Amino acid sequence: AQMLRPLHHTWQQAQTTCKESEAVLATLQREQQRETTAHYQHHHLAQTLASRIAENAQGQLTRTEKEQQQHADFCAMHPQRAALGERLGGWRQQFEQRHKLQQNMATQQLALRALQDEQAARSLKLTTQSAVVETAALTRAKSEAAQQSAQAARDERLAGQTPAELRAQD
């Protein structure tokens, strides 16, 4: 019996290990079952949501197509309203163009006023400078006339003699 004891002990350990492995296996199988069930539930939920989204999209498409057809029918039955809409669009563009042209004209008028002011300032400056030049010319003319009369008076005093000749006489 002593010889069987180590073998019996090994057998008991193997049996304990086997039971533990079976318990772990059972736990893993339960987890796998839970995960599989959750996966199928999520898949079913996703499929349900996808079909609802598709139905909603199809319903929206149908409503949009119906509204478009009603609009086309209305326009076909009331062509004067469609023409009025086109005219209103044309008038809107014309008013926008007119507004732009008015803005451009106002800008150009401001620029014209600025140029006229600048021209007036330059004209005043030119008039002032012309007066200064004219005054200088008159002053010069008077100065030249005075110089000529002084020259004539000197020449008359010298009586045709040069200043060196007059000095020599003294």
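Source: prediction; values computed, not measured.
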Hey, can you pull the donor-acceptor pairs under 3.5 Å for the side chains in residues 142-152, sequence neighbours left out?
unit_1, atom_1, unit_2, atom_2, d
E144, OE2, R140, NE, 3.0
E144, OE2, R140, NH2, 3.4
S149, OG, A146, O, 3.2

For a quick test of your reading: what N or O donor-acceptor pairs under 3.5 Å do the side chains of residues 24-40 make, sequence neighbours left out?
unit_1, atom_1, unit_2, atom_2, d
T27, OG1, A23, O, 2.9
T27, OG1, R30, NH2, 3.2
T36, OG1, Q32, O, 2.7
T37, OG1, Q33, O, 2.8

Which pairs would a plain distance check flag for residues 132-139, meaning a side-chain donor or acceptor within less than 3.5 Å of a matching protein atom at least two apart in sequence or in another chain?
unit_1, atom_1, unit_2, atom_2, d
T135, OG1, A131, O, 2.7
T139, OG1, T135, O, 2.8

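Applying the side-chain hydrogen bond (donor to acceptor under 3.5 Å, both in side chains) test to H99 and every residue at least two apart in sequence or in another chain returns Q103. Looking at residues two or more places apart in sequence or on another chain, you find no side-chain hydrogen bond (donor to acceptor under 3.5 Å, both in side chains) involving Q68. In this structure, I53 has no side chain to side chain contact (heavy atoms under 4.5 Å, CB included) partners at least two apart in sequence or on a different chain. For R98, the side-chain hydrogen bond (donor to acceptor under 3.5 Å, both in side chains) test picks out no residue, with sequence neighbours left out.
Listed by first then second residue, pairs satisfying salt bridge (Lys or Arg N to Asp or Glu O under 4.0 Å) with a partner in residues 16-25 number zero, not counting sequence neighbours. Sorted by first then second residue, the salt bridge (Lys or Arg N to Asp or Glu O under 4.0 Å) pairs that include residues 55-77, not counting sequence neighbours, number zero. Here salt bridge (Lys or Arg N to Asp or Glu O under 4.0 Å) pairs that include residues 108-124, with residues two or more places apart or in two chains, are E118-R122.
Put simply, the side chain of S123 never gets that close to the backbone of Q119: no donor and acceptor are under 3.5 Å apart.
Other members of a hydrophobic cluster containing L126 are absent, since no ILVMFWY side chain comes under 4.5 Å of it, directly or through relayed contacts. Think of L45 as one node in a network of Ile, Leu, Val, Met, Phe, Trp and Tyr side chains linked at under 4.5 Å; its network also takes in L49.
Rounding to the nearest 0.5 Å places CG of L88 at 10.0 Å from CZ of F95. One distance of note links CG of N56 with CD of Q60; it measures 9.0 Å at 0.5 Å rounding. Q94 contributes atom CD, which lies 12.0 Å from atom CZ of R87 (distance to the nearest 0.5 angstrom). Atoms CD and CG, on Q129 and L124 in that order, are 10.0 Å from each other to the nearest 0.5 Å. Taken from CD in Q58 to OG1 in T62, the straight-line distance is 4.5 Å, to the nearest 0.5 Å. Within the model, atoms CZ of R5 and CD of Q12 stand 10.0 Å from one another, a figure rounded to the nearest 0.5 Å.
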